[in-house]
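This one's a predicted model, so the numbers in the text were calculated from it and none came from an experiment. Computed over heavy atoms, backbone and side chain alike; hydrogens, waters and symmetry mates excluded.
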Amino acid sequence: MSLYNDPIGHWVVVTVAIALLLFVVLTATAYTVWFERVALGRIQRRPGPNRVGPFGLLQLAADGIKLAFKESFVPAETDKLLFVIAPTIAVAAAFLSWAVIPIGLWYNVQYWIADVNIGVLLIFAFSSLNVYAIVIGGYASNNKYSLLGGLRSAAQLISYEMALGLSLVPTFMIVGSLRLRDIVEYTVHWGWYNGPIPLILLTPIGFVIYLMAAVAETNRAPFDLPEAEQELIGGFLTEYSGLKFVMFYLAEYINMITVSALAALLFFGGWYLWVIPPVIAFFIKIVLFLFLYIWLRGTFPRLRYDMLMRLGWKVLLPLAIANVIVTGIVLVATQG
Amino acid sequence: MSPLLTVDLTYTWSQALADLSQIAAVATLTGFFLFAIVVDLVLPKHRRGGAVAMTAVTGFAFALATAAYRWVYGQGGASAYHGFATGDNFALFFEILFATLGILTVALSHSYVRKRGLLESEFHILIMAAVIGMMVLGSATSLVTVFLGLELLSIALYIACGFVRTESRSQEAAAKYLLVGGFASAFVLYGMALIYGGAGTTVIPEIAKRLDATSSGNPLIILGIVLMGVGFAFKVSAAPFHMWTPDVYQGAPLPVTAFMSVGTKAAAFAMIVRVFSGGLPHLAPEWQALLAFVAATSMVVGNLMAIAQTSLKRLLAYSGVAQAGYILIGVIAGGQSGLSAVLYYLFVYMFMNFGAFAVITLLAGPEGDRDRFSDLEGLARRNPVMAVLMSVFMLSLAGFPPSVGFFGKLFLFTAGVSAGYTWLVVLAVIMSVVSVFYYVRVLVPVWTASARTDRVPASISSQGVLWLSGVASVALGVYPTTVLLLGQLGANPISGP
Amino acid sequence: MAIAIFFIAAAMAVAGAVGVVSFREPIRSVLSLVVVMLALAILFLLLSAQFVFVVQIIVYAGAVMVLFLFVIALFGPSRELARTRLRFQSWLSGLFVLALLGLIWAMLQGVQYRQPDKGVDLSVFGTVQAIAVGLFTTYLYPFELTSILLLVAAIGAIYLSRKRIDDL
């Protein structure tokens, strides 16, 4: 597009793209919440929201309005600035990852904001900033349970960050690049016929580790001890209500969508899906992953904290390292 | 993605072996270090300490033998790993020095650690790591490697200083050393970054070639020299950057103090000589001025403060500050005579100083170190050998002929005079006379008749250390030319023959 | 555009650094340090070092500072004791700062930087591939030394943080 190369026009295009992406992601998040409540309801053999709007589709709008009108208070003896900043960091870190995720390439129109050489690393970088939101939120609540929940959650996050990163290293080794578009393009011509074959066939163990680590990273069941109501009265979220709570909630679901998008891109061929057009195929894959998440939540009991840490350090991490080593050996052996 | 055809990625076996042979001592010691960690992991608890001590001593002996072999049969030093390390005579000299120091430390600390109930295997592993760092520092030819060696040495020593977890003074020493050392490393790094900006490379011989006399007005280089000089002065515990030394020496467990007092000094001097004399020879007026100021201050402050001390460890710490001042004269003098004097003095200083600390270590009890003057009382009757050796060490440090200390100072001062720094040498001589007072004051309780008759137990290895240090202090003084010759050979790569 | 970003990032870094030493509550100091790390990452990006930019965020801001944050959060909200007045030290330090700034100003006037050598030709500067090539060819020896350094630091951390301080 000639508009892309023109200096001012370039910035107009980028601004419009960012605004559009924000809108799409926010709407997607809202409907993910709806989807979760309906699906969880069905798994638990109850109807789920079905009053507000057809099939309960406007439920989240109603919830959002309710939460927005709640009284906004800050606990008495704390650092007010930190209390308010924590949810901001959560949402900011969640949104920033979307700058580098390519949604599709449809008729030569690039549906992404920036396609950088270090693509996936940027997503790791921004997701590692989530830890601050949780620890600061727990600390600034001036509440023992919040602090404990915050520190536990942060410990969980940084433990599983490593397994997450290492599980993706074999994919980078095979493709030879960190750029997300390159990885998606690789699915087309690596296989035995000239068409997209999902990369999960090359790194199945990597996918399993990635899935477990991703569920832990987003604080979702069965790894959601830090925010469990039965254990820690809501963990670091205890003192948050109203719009600040909405921001945390939103951040968690955006993270879920980000992680699903990454899984679709790195393991399942990105925007390629037979004859279905690219962007729509991408959305379909994300929806399928989200359903997997919700299914996990509805089915498994929660992991106790020490079991969780043990799984992360003693099972996933050595497995991921072994995976890297084996992949390296196979790569060297088959290509000389 | 365009292919990276413009970079040569080949690394043949012969290249790898050539590179490894340059840093053979470092590589050998690293291998033993890793082996010691595995030994500690595998063996049952009661056998761990002795096995790791044996591994450590074997590792040091191997490194010593490797360095000596390369000294005698080697083909001289070439630059290895794209110019980041070398195995020239300067590096080999220091590798021999550090390996000897390592053996002395392990021998001395074996019984001390047992007596105080500390974990022996970690201790020896940390000492090995520190010696690896020192050897890397001695053989480094790039600013990056210099910094890495410095950090490796420092971090191992921070931990070793805080080794006695139950004693708050030890923890305090570790915390102080960490904070001040980290600060000093930051200064060094900032200076190195500026020098890199001015020279365009981190490889030290290249820097020497690129920065000739015309760049002496470049403020970038001057600032870099000042900052690096300050950082180096911290590490070598020269005044006015010596504030950490007395507290850290006093708080750390004695074998660590003994090791540190010699090791970090020698390694830091290797660093100073490499970077300043080797890397910035044409900018000598700048760094010589800075080092002259530091040397003068060190001698004055070190000697004057030592007079008032009541704790032997602090006394030896301040004496170390003064000794650093003397050695800096040799660095400032430069050239063949100056640098060979520096190497000679560092080698013999090891025996003098370590011996003195060894005697104090043997006085220690299970509850802690005993370093008051009163603990030395009646040593002549309790353990006459130790008394005699202590006298040898103290008189050597003071510079009485014909001890090694006298010859060391002689060589340093003659080099200083012939380089034109007569005022500095006069100050040094005056301060040496002042220092005699407190060195001899240590010997007063040793030789005074006293009612104490409790024996000073000394294990075989500690006795061996004492005897070796004592004999070396005397013998190398009677025949000074052997080590001086070695020093000259060692200084050749930097100063030119 | 790049100049504007540079000034914003530099201002963030300086403000964060000042914040580290001047805040009374330790947690605010820690968070100011995080701001400094992020500002440095932006400065790296302005110098086309993309990989270092992202690694700075992942490692420094995302791991090292989290460690600091854990420790401070466990200490709980506390304020430092009242600051002791600095008497002549403030004048002395101010003098040194002025001297240093003067030298830096002189440096920026007529400094002679060394031009980068021609002949080293990798496709784009600062990419992962460029870093990887450098790390395994030219900088191999420092790379291996750093691994030993990390090993020693890990040993020390484990030793210093053991609960039972008598025999293990």
Side-chain angles (χ1 to χ4, degrees), chain B residues 1-4 6-9 11 19 23 26 30 33-34 37 45 80-85 117 119 122 125-126 129-130 132-133 136 142 144-145 147-149 151-152 155-156 158-160 162-166 171 174 194 196-201 210 215 217-223 226, chain C residues 92 96 99-124 127-168:
Chain B
M1 237 193 351
S2 51
L4 301 166
T6 51
V7 173
D8 183 19
L9 289 174
Y11 193 56
D19 280 344
I23 54 157
V26 177
T30 309
F33 166 72
L34 295 172
I37 296 180
K45 204 187 301 182
Y81 295 110
H82 295 262
F84 278 73
L119 258 193
E122 257 83 352
I125 287 174
L126 285 172
I132 293 176
V136 166
S142 156
V144 177
T145 334
F147 186 73
L148 273 174
E151 282 301 294
L152 185 53
I155 288 186
Y158 300 153
I159 304 164
F163 209 73
V164 187
R165 306 261 329 276
T166 49
Q171 305 301 300
L194 291 174
Y196 172 63
T201 175
R210 292 184 190 187
S215 42
N218 192 348
L220 198 63
I221 308 285
I222 296 180
L223 194 58
V226 167
Chain C
L92 200 61
F96 276 126
L100 195 67
L101 283 176
L103 264 175
I104 293 180
W105 182 83
M107 171 175 99
L108 291 172
Q109 293 310 304
V111 78
Q112 304 123 43
Y113 286 98
R114 178 92 188 174
Q115 295 304 311
D117 292 325
K118 301 290 180 284
V120 177
D121 187 17
L122 296 168
S123 37
V124 183
T127 57
V128 181
Q129 288 83 353
I131 303 255
V133 166
L135 206 56
F136 287 105
T137 54
T138 320
Y139 298 98
L140 179 64
Y141 186 53
F143 181 53
E144 300 296 332
L145 280 177
T146 316
S147 61
I148 300 184
L149 183 60
L150 288 173
L151 179 61
V152 173
I155 294 176
I158 295 175
Y159 176 76
L160 289 174
S161 60
R162 278 185 314 146
K163 281 214 171 67
R164 294 186 52 191
I165 49 185
D166 44 351
D167 199 1
L168 238 184

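- Shown here for Pro142(C) and Leu148(B), the closest heavy-atom pair between the two residues is O-CD1, 3.3 Å.
- With a 4.5 Å cut-off on non-hydrogen atoms, Ile158(C) does not touch chain B at all.
- Contact annotation for Leu126(B): only side-chain heavy atoms (C-beta onward) come within less than 4.5 Å of a heavy atom of chain C.
- Applying the side chain to side chain contact (heavy atoms under 4.5 Å, CB included) test to Phe143(C) and every residue at least two apart in sequence or in another chain returns Leu135(C), Phe136(C).
- In this structure, Ile155(C) CD1 and Ile159(B) CD1 are separated by 8.0 Å, a value rounded to the nearest 0.5 Å.
- Once rounded to the nearest 0.5 Å, the distance linking CD1 of Ile132(B) with CD1 of Ile148(C) reads 5.5 Å.
- The CD atom of Glu151(B) lies 10.5 Å from the OG1 atom of Thr146(C); values are rounded to the nearest 0.5 Å.
- When heavy atoms are compared at a cutoff of 4.5 Å, Ile221(B) does not approach chain C at all.
- Ring centers of Phe84(B) and Tyr139(C): under 6.0 Å apart, within the cut-off.
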Phe163(B) vs Tyr159(C), test: ring-ring contact (aromatic ring centres under 6.0 Å, His included). Steps then yes/no. CA-CA 8 Å; Phe163(B) 209 73; Tyr159(C) 176 76; 4.4 Å; yes

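- Residues Ile23(B) and Tyr141(C) have side chains in contact (heavy-atom distance under 4.5 Å, counting atoms from C-beta outward).
- The two residues Ala129(B) and Val152(C) come nearest to each other via the heavy atoms CB-CG2, 3.5 Å.
- The distance from the OG1 atom of Thr30(B) to the CG atom of Leu145(C) is 7.5 Å, given to the nearest 0.5 Å.
- With a threshold of 4.5 angstrom between heavy atoms, Leu34(B) approaches chain C through side-chain atoms but not through N, CA, C or O.
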